[in-house]
Student: 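Questions regarding the structure given below will be posed in turn.
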Amino acid sequence: MKHIDEYRDGRLAQGIAATIAAEAIGGRQYQFMEFCGGHTHAISRYGIEDMLPANVQMVHGPGCPVCVLPMGRIDDAIKLALRPEVTLCTYADLMRVPATAGANLLKAKAAGADIRMVYSTLDAIRIAEAEPARQVVFFAIGFETTTPPTAIAIRMARTKRLANFSVFCNHVLTPPAMRAILGSPDAPAIRLDGLIGPAHVSTVTGTAPYVSLATEFLKPVVVAGFEPLDVVQAVLMLVRQVNQGRHEVENQYFRLVTEAGNLIAQAAMADIFEVRPSFEWRGLGELPVSALRLRDSYADLDAERRFSIATVRAADNPACECGDVLRGLKKPAECKLFGTLCSPETPMGSCMVSPEGACAAHWTYGRFRANASGVAQKAVA
Ligand code: SF4
């Protein structure tokens, strides 16, 4: 654990936080969005917001793949899973994401649907090989991090001539979502001074895709790792860019991320997927060129075509404020359901399901707890 412990050294973190406090200009407010749910998780888990000076605030972004999947696509997955010939393979954190009318995959499984939790795309391939009489559908979600493994599974299915395997593709793209946040009508209200760019996504994409965003919106972007020292160092780098009037892309996570990214993974993705004209994101609405689908040359492995899936848009629970949380307009505890009707045991919205969701991260690490009256409040250290 030596390498990990080095990135979780509290004494070093306090030292960087003290430097941030010294360099953050008094009377000036700094607001930085961490795009990625992995950073949100780290910020909550290690209490990073509590280390920062009061005028340096973190705003949580939409980079939790489970959180941004719209309800209509979960409805589609449930309908698919309820088909008698289908075995739906999914990652575990999708099982309790709310769908229409309180449904979810876990309830569908309890009602008899053949839904299997898998750890990798290759598990789904193995199931398809072992059970040729079943139509095995892999429920593919996630950003650029999880797209290459889906591409590899599709290639394997083609090589092995697996006629009973297909992919329900919901992969989304990071830069268009960043653009939607920075260019949205809400941007003046959020008042972002810069972004912490995603870690794992950037190992695939590299830092290059963020350059046009930083230039166009005049906002610095610092790509950072997921360890606490990575995050506090990224905040310091952002404070320095703001103070110096710079808006550049900097790479704090240089131990894994390069400017160009993983060219092999990018080639695999480009071979199999093409960009959809538009895709709905929970909380962000329809975003142009923000998601992927299988190319025509892989149509036979596309569950959307094999099962004629036509997504019907579904409205979120009106009491859930995930949309505002995902856009950075509200903190989780500002939702009146947070920690009362909505908790990880009884999630009312997707942000309370995945560990990367802002609501779940705030709740799980005890940053907030319900008081004796059942009202969520910040825990006293
Ligand atoms: S606390 Fe629950 S209901 Fe409120 S925004 Fe978060 S997930 Fe939605």
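Counting starts at 1 for both ligands and their atoms, following the listed order. Note that the structure is predicted; figures quoted are calculated from it, not measured.
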Student: Find all atoms of ligand 1 within a distance of less than 4.0 Å from any non-hydrogen atom belonging to Glu321, and give their numbers and elements.
Tutor: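 Taking each heavy atom of Glu321 in turn, ligand 1 has 5 (S), 8 (Fe) under 4.0 Å.
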Student: With respect to atom 6 (Fe) of ligand 1, please indicate if Cys359 possesses an N, O or S atom at a distance under 2.8 Å.
Tutor: yes
Student: State whether the side chain of Arg96 and the backbone N or O of Asn104 hold a donor-acceptor pair below 3.5 Å, judged by distance alone.
Tutor: no
Student: In terms of side-chain heavy atoms, does Thr311 have a donor or acceptor partner in Arg73 at a distance below 3.5 Å?
Tutor: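 Present: a donor and an acceptor within the cut-off.
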Student: With a cut-off of 4.0 Å, which atoms of ligand 1 are near a heavy atom of Phe338?
Tutor: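 Near Phe338, meaning under 4.0 Å from one of its heavy atoms, ligand 1 has 1 (S).
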Student: Checking contacts here: is it the side chain or the backbone of Cys320 that comes within 4.0 Å of ligand 1, counting heavy atoms only? Could be both or neither.
Tutor: both
Student: So, Tyr46 versus Arg8: side-chain donor-acceptor pair below 3.5 Å or not?
Tutor: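 Yes, side-chain donor-acceptor contact under 3.5 Å.
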Student: Which atoms of ligand 1 sit under 4.0 Å from any heavy atom of Cys322?
Tutor: 5 (S), 7 (S), 8 (Fe)
Student: Show me which atoms of ligand 1 lie under 4.0 Å from any heavy atom of Cys335.
Tutor: 1 (S), 3 (S), 4 (Fe), 5 (S)
Student: Tell me the protein heavy atom at minimum distance from atom 2 (Fe) of ligand 1, and give that distance in Å.
Tutor: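 Checked against all protein heavy atoms, atom 2 (Fe) of ligand 1 sits closest to Cys342 SG, 2.3 Å.
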Student: Hey, are Asp230 and Gln252 close enough side-chain-wise for a donor-acceptor pair under 3.5 Å?
Tutor: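 Yes, Asp230 and Gln252 have a side-chain donor paired with an acceptor closer than 3.5 Å.
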Student: At less than 4.0 angstrom from any non-hydrogen atom of Met352, what atoms of ligand 1 do you find?
Tutor: 7 (S)
Student: Decide whether Thr207 and Asn251 meet the rule of one side-chain donor and one side-chain acceptor closer than 3.5 Å.
Tutor: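 Judged by distance alone, the side chains do not pair up.
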Student: Would you check if there is a donor-acceptor pair between the side chains of His60 and Glu34 at a distance under 3.5 Å?
Tutor: yes
